[in-house]
Amino acid sequence: MSETTPASGAADTATAPFRYSAALAAEIESRWQDIWEKEGTFHAPNPAGDLADPAAADVAAKPHSFIMDMFPYPSGAGLHVGHPLGYIATDVFARYQRMNGYNVLHTLGYDSFGLPAEQYAVQTGTHPRVSTEANIANMRHQLRRLGLGHDPRRSIATIDPEYYRWTQWIFLQIFNSWYDEQAHRARPISELVAAFADGTREVPGGRDWAALSGAEREEVLGDYRLAYAKEVPVNWCPGLGTVLSNEEVTADGRSERGNFPVFKSNLRQWMMRITAYSDRLISDLDLLDWPEAIKLQQRNWIGRSEGARVDFAVGERKITVFTTRPDTLFGATYMVLAPEHDLVDTVVPAAWPEGTPEAWTGGAATPAEAVTAYRAAAAAKSDVERQVEAKVKTGVFTGAHAVNPVSGEPVPVFIADYVLMGYGTGAIMAVPAHDHRDFAFARAFELPMRCVVEPTDGRGEDPAGWDDAFDTYDSVIVNSAHTEGTEDGISLNGLGVVEAKAAVTTWLTARGIGEGTVNYRLRDWLFSRQRYWGEPFPIVYDEDGVMHALPESMLPVEVPQVDDYSPHTYDPFDSTSTPKTPLSRNEDWVNVELDLGDGVKTYCRETNTMPNWAGSCWYELRYIDPSNREQVVDPANEQYWLGPTEQKPGGGADLYVGGAEHAVLHLLYARFWHKVLHDLGHVSSVEPFHKLFNQGMITADVYRDERGFPVPAAEIEERDGQYFWQGEPVKREAGKMGKSLKNAVAPDEIADEYGADTLRLYEMSMGPLDVSRPWDTRAVVGSYRFLQRLWRNIVSETSGELVVTDEEPDEATLRALHKAVDGVRADMAGLRFNTAVAKAIELNNYLVKRGSTPRSVAEQVVLMVAPLAPHIAEELWRRLGHGDSLAHTDYPVADPAYVVDESVTCVVQIKGKVKARLEVAPSISDAELEALALADPAVVAAIGGAEVRKVIARAPKLVNIVTG
RNA sequence: GCCCCGAUAGCCCAAUCGGCAGCAGGCGAUGGUCUCAAACACCAUACAGUGUGGGUUCGAAUCCCACUCGGGGCACCA
């Protein structure tokens, strides 16, 4: 073997020809990967369908474990060592579960529609399918080297027509349903149509269903469907040439991908009525074993707030506001409408009321002019400008006054852009004394304030002298009474905030001018994109423009060939541009002759495509039944793998590992789809993912030259704590690993130098799985040395013969073994692989020191490390004389008798300082221990005749004596 | 501005319920064995008192309060 690597050592072949070298590791690893593949070692049988295994015993009776990684996007750049961290972790856990008798479903598919392939296609002319499939092949190859125990039969890709036919099918399910608020679930739209037709449900507007045209009916149903097309204000991103969902836009009004400006634009787009599920998406979080931080992010994103709707009369009309603080209604001294609010035009009078302050008019001669000018100015502002100017409140008086419903006092009505049209009713009652934003506005426009919540910080009840609003919940209401004692009178004075809210809400409800209500921050999900490389919608339009869903039999609607894949992008700042879809360029595809029941007619296809979240919204279901042509998933298989159990009341995959960056987007969308499918009876589970685990990132040092540009990290020289690149000093900092920072390390490099088992072990031992940690290539050798020592304890480096002995292990060795097994089991179950590795190393080091390894111990050690370093374990297992793969062999079980020590060291403290140590039995009682400690000569000497005030005994480890 | 998470040797990290801070583990450093020499491998040694300041307790890395630094989320959501 002439090929050597630095780690294997040039002379190894001479001095230690059978050492565990990189070359030997490579040979073992590729051999076992072939065996696993050939024997289908990781095939998980289903209870039913074509992945059922007739030879397997009753599968449904076997405990199952469905382990998932977040769907990867196969990048053209290839993997770096940060990518497989989670895949290795799930593989270790999956192998551990398999050795505990579970039927383990673990596979990996590819989320492969999306922007990068399209951009690459535009640059190179390569069809996205070609480049995407090449990337998938490359990633599969890279991952195969790591020895991941995936079931290859279940590895799907979202771009496969056989996959996306079901994505389109699910879209049709959602399109053909509505949300029944009474039943709290989705129902088929046909049931709504039937209710409209037979009169059990009134058609909105009181019309007769039978008399409506097809287009009119479709318009009515559009307000109910869970997927609907509508002209809505959307996030239009000219730089990307597409619209974006709210979740894809950053706080400063830019696209998450590409960082282009985003503009509000009214466009006809596809939406998903995710808001119908707001409450269930919040409450069902309680069923899940997820990190609290992620649950919190989802709750915040949905943003449920309880409050009240209150009507304010303006002449003959009324303005409805939403408030979370109806208790402060007496403090409402003015109102604000969003500039785009419909009622603005109708309330504006012809002239300014007498005595209108100059500052309120914006310098305009009439209210109508002022409103028009302010609206124009507000509309011209980008979100970024709005953000920056958020501190300075702007607005203009409409000339109208409304009546405060509790006090009867007139309050001026303003428009201002600090009130958002998209939240609540687009109108607020302003309570400047108790809201920071209203306070700032009131100060700018010299509006009156009234204190109605008693300040608890000694500032007094006159807001004139305040620096800011007082907004606590923890106080009582004051100055809030009107015509008390009369029939219509009300007083909130002296009530706590919570009681006052209830009291005023009851009062408003009784008079029909308000009611308790709940508002959400969450908006409906914008579901269409103007892209080429995505799932086409299974929707066509007839010559009257009426929408028709394609029947199931016409699926999949395949992505057509076009001359040019590029989206029509614009100057990123051109807010007046409008989207053009790539699919519309192929007229042969757009115009089709179909028979949808009324004979063959000409239709034209929907040319938007679905966002790339679509494919990842339901892939867990397809992993279960990847080749089912009849159903999205066989209920028997879904029930088995995902169905609710006592441990997971909502059902879902047993473990889902991935990055925290998907906290709201993917996880919220996937939960929503799953719930719709549940409501329609297609799945038994309520939630897709029961246990979620966020793995940390692998970071790496970034080196920057004088100009601040990253230089290749691999070429850095270190001298005396300084870093140099090509002789020039450079600065070091921590950063994300990746191509752009020139610090990526490929898993292949590490596997070449040490073997995949070493890489797996190192990644698992770097630290807890959920925290980010820096990559250190130099440290990898530690894991390699461990595997060498493990090998050497079992196989002779000089002869290649087994060196295990046939002796019976002594008690100390058994204790070391069983303690390690006990600890490693607990760590594996808790996904604490770093400490599991440490315990395995500790045991192995013990065996090195011992000088020889009894065969029975060697076997247990091999099984113990098998999930972490499966190739070397399989090889040693075979050399130890076993014919079969150890993948399904029972994991070692600790004997409790050997887990506890025969004696433990008890420390005796005097006032917290250690003064003596005692060897005692683990079962010793507190009293015995106390007596023993007080009798110890060293302790007696240390007390030195001082008074013993107190003795704390914590058997068997500690006694603390407090002297006076 | 608000919310969440974190801080232990030169570095990555351990430390069940508050109970001896490290023979959990690893990297690196130093010395040694092996070698003609080196690399590999092996053996041995040293290095912190837990970000800062207070508090609770017989006892605090662990609980509480304030602050500093780092990471993440939200941000005119009424």
Side-chain angles (χ1 to χ4, degrees), chain A residues 4 6-12 15-16 19 21 251-252 291-294 296-297 300-301 303 305 307 321-325 336 386-387 389-391 393 416-420 422-431 435-438 440-441 519-522 660-661 663-664 696-697 699 721 734 761-762 765-768 770-783 785-786 788-789 792 797 820 823 826-827 832 834-846 848-849 905-914 917 949-952 954 957-963:
Chain A
T4 53
S8 65
D12 274 8
T15 55
R19 172 172 292 176
S21 63
D252 51 355
E292 273 311 313
I294 301 292
L296 194 68
Q297 277 186 55
N300 290 343
W301 189 263
S305 45
V321 302
F322 171 73
T323 177
T324 55
R325 296 293 302 268
V336 185
R386 266 195 170 198
Q387 293 294 333
E389 295 166 13
K391 277 157 252 156
K393 294 282 180 289
D417 66 358
Y418 85 92
V419 172
L420 309 175
Y423 184 78
T425 61
I428 62 155
M429 63 176 215
V431 185
D435 180 281
H436 300 290
R437 298 150 301 184
D438 298 343
F441 189 86
N519 232 304
Y520 300 92
R521 202 188 86 111
L522 182 70
E661 67 273 18
V664 277
M697 227 183 359
T699 61
L761 212 50
Y762 175 65
S765 61
M766 288 169 78
D770 56 349
V771 293
S772 295
R773 55 302 250 319
W775 177 264
D776 182 5
T777 296
R778 289 182 310 178
V780 177
V781 70
S783 301
R785 287 179 190 146
F786 161 58
Q788 286 187 323
R789 290 195 298 274
R792 198 156 44 226
E797 288 189 340
D827 288 343
R832 295 184 300 269
N834 55 327
T835 48
V837 171
K839 286 172 180 124
I841 293 175
E842 189 184 6
L843 173 62
N844 193 57
N845 288 351
Y846 171 88
V848 169
K849 278 218 172 84
T905 306
C906 170
V907 287
V908 183
Q909 301 176 339
I910 295 182
K911 293 209 281 192
K913 299 244 166 23
V914 179
R917 289 165 212 276
R949 292 210 337 230
K950 195 172 179 184
V951 179
I952 297 120
R954 289 282 180 276
K957 291 179 77 177
L958 178 126
V959 177
N960 190 10
I961 297 162
V962 186
T963 54

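Naming: A, B, ... by sequence-line order, numbering from 1 per chain. These numbers were taken from a predicted model, which means no experiment stands behind them.
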Inset, instruction - Provide the Watson-Crick or G-U wobble partner of B:A44, both distances under 3.5 Å; none if there is no partner. - result: B:U30
Legend entry - Inter-nucleotide C1' distance (B:U57, B:C67), Å rounded: 23 Å
Inset, instruction - Between A:Leu296 and A:Ile428, just flag the one whose closest nucleotide in RNA chain B comes earlier from the 5' side. - result: A:Leu296
Inset, instruction - Report yes if a donor N or O on one partner sits less than 3.5 Å from an acceptor N or O on the other, where the partners are the side chain of A:Lys957 and the base of B:C20; otherwise report no. - result: no
Legend entry - Rounded distance in Å between the C1' positions of B:U62 and B:A46: 28 Å
Inset, instruction - Can you figure out which of B:C3, B:A41, B:C76 approaches the side chain of A:Arg792 most closely? - result: B:A41
Inset, instruction - List the protein contact pattern of nucleotides 23-28 of chain B with one symbol per nucleotide (5' to 3'): B for base contact, S for sugar-phosphate-only contact, - for none; contact means a heavy-atom distance under 4.0 Å. - result: -BSSSS
Inset, instruction - Apply side chain to side chain contact (heavy atoms under 4.5 Å, CB included) to A:Gln909 and A:Ile952, showing your working. - result: CA-CA 10 Å; A:Gln909 301 176 339; A:Ile952 297 120; over 6 Å; no
Legend entry - Spacing of CG belonging to A:Asp435 relative to OG1 belonging to A:Thr324, to within rounding of 0.5 Å: 8.0 Å
Inset, instruction - Have a look at A:Arg773 and say if it touches a base, only the backbone sugar-phosphate, or nothing, with a 4.0 Å heavy-atom cut-off. - result: sugar-phosphate
Inset, instruction - Using whole Å, report how far NZ of A:Lys950 lies from P of B:G19. - result: 17 Å
Legend entry - A:Thr777 and A:Tyr762: CA distance, side-chain angles, deciding distance, side chain to side chain contact (heavy atoms under 4.5 Å, CB included) verdict: CA-CA 10 Å; A:Thr777 296; A:Tyr762 175 65; over 6 Å; no
Legend entry - Value rounded to 0.5 Å, distance of CG in A:Asn845 from CD in A:Glu842: 8.0 Å
Legend entry - Whole-Å gap separating P (B:A78) and OH (A:Tyr423): 4 Å
Legend entry - Pairwise C1' distance, B:U50 and B:A15 [rounded to whole Å]: 11 Å
Legend entry - Lys NZ or Arg CZ of A:Lys393 over A:Tyr418 ring: under 6.0 Å, within 45°: yes
Inset, instruction - Output the single nucleotide from B:A78, B:C58, B:G73 whose closest atom is nearest the side chain of A:Gln297. - result: B:G73
Legend entry - Atom P, compared across B:C69 and B:A29: separation rounded to whole Å: 34 Å
Legend entry - Nearest-angstrom distance, P atom, B:C11 to B:A21: 22 Å
Legend entry - Counter-base of B:G1, judged by Watson-Crick or G-U geometry with both distances under 3.5 Å: B:C74
Inset, instruction - Mind calculating the distance between CZ (A:Arg954) and P (B:G18) to the nearest angstrom? - result: 11 Å
Legend entry - Rounded P spacing from B:U33 to B:G70 in Å: 48 Å
Legend entry - Of A:Leu958 and A:Gly426, the one whose closest RNA chain B nucleotide lies more 5': A:Leu958
Inset, instruction - Scan every strand shown for a Watson-Crick or G-U wobble partner of B:C69, both distances under 3.5 Å, and answer none if you come up empty. - result: B:G6
Inset, instruction - Using the P atom on both, measure B:A60 against B:C5 and round to a whole Å. - result: 24 Å
Inset, instruction - Report the nucleotide, chosen from B:A78, B:A41, B:C58, that has the shortest atom-to-atom distance to any side-chain atom of A:Leu420. - result: B:A78
Inset, instruction - Please check if the side chain of A:Arg773 supplies one atom and the backbone of A:Val771 the other of a donor-acceptor pair under 3.5 Å. - result: yes
Inset, instruction - With rounding to the nearest 0.5 Å, note down the distance linking CZ in A:Arg832 to NZ in A:Lys839. - result: 7.0 Å
Legend entry - Length of the CG-P vector between A:Asn960 and B:G19, whole Å: 13 Å
Legend entry - Protein-nucleotide distance (A:Met697, atom CE; B:C5, atom C1'), rounded to Å: 14 Å
Inset, instruction - Using a heavy-atom cut-off of under 4.0 Å over every strand shown, decide if A:Glu292 touches base, sugar-phosphate, or nothing. - result: nothing
Inset, instruction - Find the distance A:Asn300:CG to B:C74:P and express it as a whole number of Å. - result: 9 Å
Inset, instruction - Calculate the interatomic distance between A:Arg521 atom CZ and B:C76 atom C1'; express it in whole Å. - result: 12 Å
Legend entry - Side chain of A:Arg19 (C-beta onward), nearest among B:A41, B:C4, B:A14: B:A41
Legend entry - Nearest-angstrom distance from the residue atom CG of A:Asp770 to C1' of B:G71: 13 Å
Legend entry - Atom pair CZ/OG of A:Arg325 and A:Ser305 - distance to nearest 0.5 Å: 13.0 Å
Inset, instruction - Please round to the nearest 0.5 Å and tell me the distance separating atom CG of A:Asn960 and atom NZ of A:Lys950. - result: 9.5 Å
